[in-house]
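Side chains included, hydrogens not; waters and symmetry mates left out as well; all remaining heavy atoms used. Everything numeric in this text was worked out from a predicted model, so none of it was measured.
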Amino acid sequence: MTVVATSKTEALSGPRVLQPSGWPAPKGYANGMTADGRIVVTGGVIGWDTAGHLPAEFTAQVRQALSNIAAVLAEGGAGPEHLVRLTWYVVDMEEYLGNLKALGKIYREIFGAHYPAMALVQVVRLVELAARVEIEATAVVPR
């Protein structure tokens, strides 16, 4: 069953998950999203704190990167519930896969149980040499 906004009221209430009928339910992400409103987009966000320090540990970088995204969203009048897409870039896929349980907990602490469409890509490196993860976010705030 595809879940789509069916009325103007629903369209104004925020992003909706798109789940094609018969597809297995994804875990921790959505296959697709639809939304109508004002777009808030981040650049590639890494786990720097406000002083420009980057923790060495992968999950600490993810925690800070997600917190940084939440701060950018708030600056644009959005919240985690408005997210429609996240693209994660990691330098080590095994590091990501080996930390799934901890990453899920961190994600839920910062963004709650809202899971937008997501993509995960392993890259050779990121611009900041010590960065282990970089995340881009797109949110849509209802009008």
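V40 and M118 fall within the same hydrophobic cluster, where Ile, Leu, Val, Met, Phe, Trp and Tyr residues are linked whenever their side-chain heavy atoms come under 4.5 Å apart, directly or through other members. Hydrophobic clustering (side-chain heavy atoms under 4.5 Å, transitive across Ile, Leu, Val, Met, Phe, Trp, Tyr) keeps V41 apart from Y89. Placement of I110 and V72 in two distinct hydrophobic clusters is found when ILVMFWY residues are connected by side-chain heavy-atom separations under 4.5 Å, directly or transitively. There is a path of hydrophobic side-chain contacts, each under 4.5 Å, that joins V133 to Y29. Side-chain heavy atoms closer than 4.5 Å link hydrophobic residues (I, L, V, M, F, W, Y) into clusters, and following such links, possibly through other members, connects L103 to L97.
Proximity of a side-chain donor or acceptor of R38 to a complementary backbone N or O of A78 within less than 3.5 Å is not detected. Proximity of a side-chain donor or acceptor of E75 to a complementary backbone N or O of A70 within less than 3.5 Å is not detected. E136 contributes no side-chain N or O that, together with a main-chain N or O of T87, makes up a donor-acceptor pair within less than 3.5 Å. Counting only distance, with no hydrogens or angles, the side chain of R125 and the backbone of V127 share a donor-acceptor pair below 3.5 Å. A donor-acceptor pair under 3.5 Å is formed between the side chain of D49 and the backbone N or O of H53.
In this structure, CG on L54 lies 10.0 Å from CG on L126, to the nearest 0.5 angstrom. Once rounded to the nearest 0.5 Å, the distance linking CG of N31 with CD of Q19 reads 5.0 Å.
Closest of all the heavy-atom pairs between P15 and H82 is CG-O, 3.6 Å. What you find for A137 and L86 is that their closest heavy atoms are CB-CD2, 3.5 Å. A pairwise comparison of heavy atoms in V84 and A35 identifies CG1-CB, 4.0 Å as the closest pair. When all heavy atoms are compared, the tightest approach of L73 to A139 is CD2-CB, 3.7 Å. Closest non-hydrogen pair, L120 versus M93, comes out as CD2-SD, 3.5 Å.
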Test side-chain contact (heavy atoms from CB on, under 4.5 Å) on E94 and D92; report intermediate values, then the result. CA-CA 5 Å; E94 295 308 315; D92 185 343; 3.4 Å; yes

Quick one, H114 with L83, criterion side-chain contact (heavy atoms from CB on, under 4.5 Å). Give me CA distance, side-chain angles, the key distance, then yes/no. CA-CA 8 Å; H114 175 73; L83 285 168; 3.9 Å; yes

Between Y115 and M33, does a side-chain contact (heavy atoms from CB on, under 4.5 Å) hold up when you go through it step by step? CA-CA 10 Å; Y115 304 105; M33 301 289 289; over 6 Å; no

Test log, rule side-chain contact (heavy atoms from CB on, under 4.5 Å), inputs V91 and V123: CA-CA 5 Å; V91 296; V123 295; 4.2 Å; yes

Identify all side-chain donor-acceptor contacts of residues 58-67 below 3.5 Å with residues at least two apart in sequence or on another chain.
residue : atom : partner : partner atom : Å
T59     : OG1  : E57     : OE1          : 2.3
T59     : OG1  : E57     : OE2          : 3.1
Q61     : OE1  : R132    : N            : 2.6
Q61     : NE2  : P55     : O            : 2.7
Q61     : NE2  : A130    : O            : 3.0
R63     : NH1  : E109    : OE1          : 2.7
R63     : NH2  : E109    : OE1          : 3.3
Q64     : NE2  : N68     : OD1          : 2.7
S67     : OG   : R63     : O            : 3.0

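Note: W88 and Y96 have perpendicular aromatic rings, judged against thresholds of 30 and 60 degrees for the angle between ring planes.
Residue I39 places its CD1 atom among 12 or fewer non-hydrogen atoms of other residues, nucleotides or ligands, all under 6.0 Å distant.
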